[in-house]
Asker: 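For reference, the structure I am asking about is given below.
Computed from heavy atoms alone, side chains included, the values below leave out hydrogens, waters and symmetry copies.
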Amino acid sequence: MTDLFIMPKSKPKVSTCMPVTLIGNTIQMEPLAPRHYEGLRSSADDGRIWTYMPCKANGEFYEPWFADCLLKQMQGIQFTYVIRRLKDQALIGSRAYYEIDTQHKKLEIGYGWLSPSVWGTRYNHESLLLLFQNAFETWGINRVQIATDPRNVKNYNTLKKLGATKEGILRQHMIHHNGQITDTALFSILIGEWPAVKQRLQKRLERVGTLSK
């Protein structure tokens, strides 16, 4: 494992958006670090997680995925957060900022996944709330973009219900890890739309309470 975490020789890109731990009611989101390696591995080790993803991180693919996320973190081009459940300190998934453009005040949120053991719970919406809130209210981002595979009906519907604007379909945009060429549905939220989206997220979390359904 030692070779995974050698600092890159090239000078990292400096970003004015610096990742810090984001604390919610039932989870906290921590910038990815080597100490998360073992704790996150078991949560990632289920093939169902990666059904609609261009990459996968289960089994033998976990180590290169983790190393790649760390490298991009050090370069300042992608900030991956691990999702820690507060009640038992378990690591249950991750989500990332990428395509970070501070000049034009925009970024993308994606590469999100959760362990199947917590699918259908509040943690998905709470992690989105924390990341959106940090982007708009702390970093001063004007535009947040979110992309999803149109076949991922659950994720697609979540974005629509939150009030994100669908901007279109990018045809044959990604190559799936199984070699299939897939489309991408593109959504966005602007700073002026954020208060209404935030209210919808908060109401959703109020309905489910601290339980999960």
Asker: Check whether any side-chain heavy atom of S94 sits under 4.5 Å from a side-chain heavy atom of L32, and report yes or no.
Answerer: no
Asker: For a quick check under 3.5 Å, do N155 and Y52 share a side-chain donor-acceptor pair by atom type?
Answerer: no
Asker: Please check: side-chain N/O of Y62 versus main-chain N/O of S42, any donor-acceptor pairing under 3.5 Å?
Answerer: no
Asker: Which heavy atom in R200 sits nearest to a heavy atom in G163, and how many Å separate them?
Answerer: NH1-CA, 3.7 Å
Asker: Can a donor-acceptor pair be found, under 3.5 Å and without considering hydrogens, that links the side chain of E137 to the backbone of N134?
Answerer: no
Asker: Between P31 and V20, is any pair of side-chain heavy atoms under 4.5 Å apart?
Answerer: no
Asker: CZ/F136 to CG/N142 distance, rounded to the nearest 0.5 angstrom?
Answerer: 7.5 Å
Asker: Can you tell which of R95, K154, R204 makes a side chain to side chain donor-acceptor pair (under 3.5 Å) with N124?
Answerer: R95
Asker: Does I175 CD1 have over 12 foreign heavy atoms under 6.0 Å away?
Answerer: no
Asker: Side-chain donor-acceptor pair under 3.5 Å between R122 and T26, yes or no?
Answerer: yes
Asker: Please name the pair of heavy atoms, one in G59 and one in D45, separated by the smallest distance, quoted to 0.1 Å.
Answerer: N-OD1, 3.0 Å
Asker: Which label fits Y156 and F187: parallel for a plane angle under 30°, tilted from 30 to 60°, or perpendicular past 60°?
Answerer: perpendicular
Asker: Dump the intermediate steps for side-chain contact (heavy atoms from CB on, under 4.5 Å) on L130 and Y81, then the final yes or no.
Answerer: CA-CA 11 Å; L130 290 173; Y81 290 77; over 6 Å; no
Asker: Q73 side chain to A33 main-chain N or O, any donor-acceptor pair under 3.5 Å?
Answerer: no
Asker: Taking atom CE of M74 and atom NZ of K72, what is their separation to the nearest 0.5 Å?
Answerer: 12.5 Å
Asker: Are W139 and V144 connected into the same hydrophobic cluster when the rule is that any two of I, L, V, M, F, W, Y join if their side-chain heavy atoms are below 4.5 Å apart?
Answerer: yes
Asker: Examine distances only and state if a side-chain atom of R143 and a backbone atom of K106 form a donor-acceptor pair shorter than 3.5 Å.
Answerer: no
Asker: State yes or no: do V118 and V82 share one hydrophobic cluster built from I, L, V, M, F, W and Y residues joined by side-chain heavy-atom distances below 4.5 Å, directly or via other members?
Answerer: yes
Asker: Between Y111 and C55 (side chain of the first, backbone of the second, donor and acceptor by atom type, cut-off under 3.5 Å), is there such a pair?
Answerer: no
Asker: Rounded to the nearest 0.5 Å, how far does CG of L91 lie from NE2 of H36?
Answerer: 6.0 Å
Asker: Can you measure from CG (L114) to CD1 (I83) and round to the nearest 0.5 angstrom?
Answerer: 4.5 Å
Asker: Is there a path of hydrophobic side-chain contacts, each under 4.5 Å between heavy atoms of I/L/V/M/F/W/Y residues, joining L205 to V197?
Answerer: yes
Asker: Just do the side-chain contact (heavy atoms from CB on, under 4.5 Å) check on T158 and K161 with the steps written out, would you?
Answerer: CA-CA 5 Å; T158 292; K161 288 176 182 178; 5.9 Å; no
Asker: Test side-chain contact (heavy atoms from CB on, under 4.5 Å) on R35 and E30 and set out the steps.
Answerer: CA-CA 11 Å; R35 62 187 173 85; E30 304 167 10; 3.5 Å; yes
Asker: Could you go through Y37 and L70, starting from their C-alpha distance and side-chain angles, then the distance that decides it, and tell me whether this counts as side-chain contact (heavy atoms from CB on, under 4.5 Å)?
Answerer: CA-CA 10 Å; Y37 182 86; L70 264 190; over 6 Å; no
Asker: Do R84 and T21 have side chains that get closer than 4.5 Å, going by heavy atoms?
Answerer: no
Asker: Give me the atom names and distance for the closest heavy-atom approach of P150 to I169.
Answerer: CG-CD1, 4.0 Å
Asker: Verify the cluster assignment for F79 and Y98: are they in a single hydrophobic cluster under the rule of side-chain heavy atoms below 4.5 Å apart?
Answerer: no
Asker: Minimum heavy-atom separation for L107 and Y97, please, with both atom names.
Answerer: CD1-CD2, 3.6 Å
Asker: When hydrophobic residues are tied together by side-chain contacts of less than 4.5 Å, even through go-betweens, does L201 share a cluster with I191?
Answerer: yes
Asker: For E167 and S188, test the side chains for any donor-to-acceptor distance below 3.5 angstrom and give the result as yes or no.
Answerer: yes
Asker: Answer yes if the side chains of R48 and N58 hold a donor-acceptor pair under 3.5 Å, and no otherwise.
Answerer: no
Asker: Would you compute the distance between atom CG of L162 and atom OG1 of T165 and round it to the nearest 0.5 angstrom?
Answerer: 11.5 Å
Asker: Answer yes or no: are there more than 12 heavy-atom neighbours, outside Q172 itself, under 6.0 Å from its atom CD?
Answerer: no
Asker: What closest approach, in Å, do Y123 and R85 show between heavy atoms, and which atom pair accounts for it?
Answerer: OH-CD, 3.2 Å
Asker: Does some side-chain heavy atom of K198 sit less than 4.5 Å from a side-chain heavy atom of F132?
Answerer: no
Asker: Show the nearest heavy-atom pair for residues T184 and A147, with the distance to one decimal.
Answerer: CG2-CB, 3.4 Å
Asker: To the nearest 0.5 Å, how far apart are OG1 in T51 and CG in D149?
Answerer: 10.0 Å
Asker: In terms of side-chain geometry, is the basic nitrogen of K203 or E206 positioned less than 4.0 Å from the acidic oxygen of its partner?
Answerer: no
Asker: So, the side chain of W50 versus the backbone of A44: is there a donor-acceptor pair under 3.5 Å, distance only?
Answerer: yes
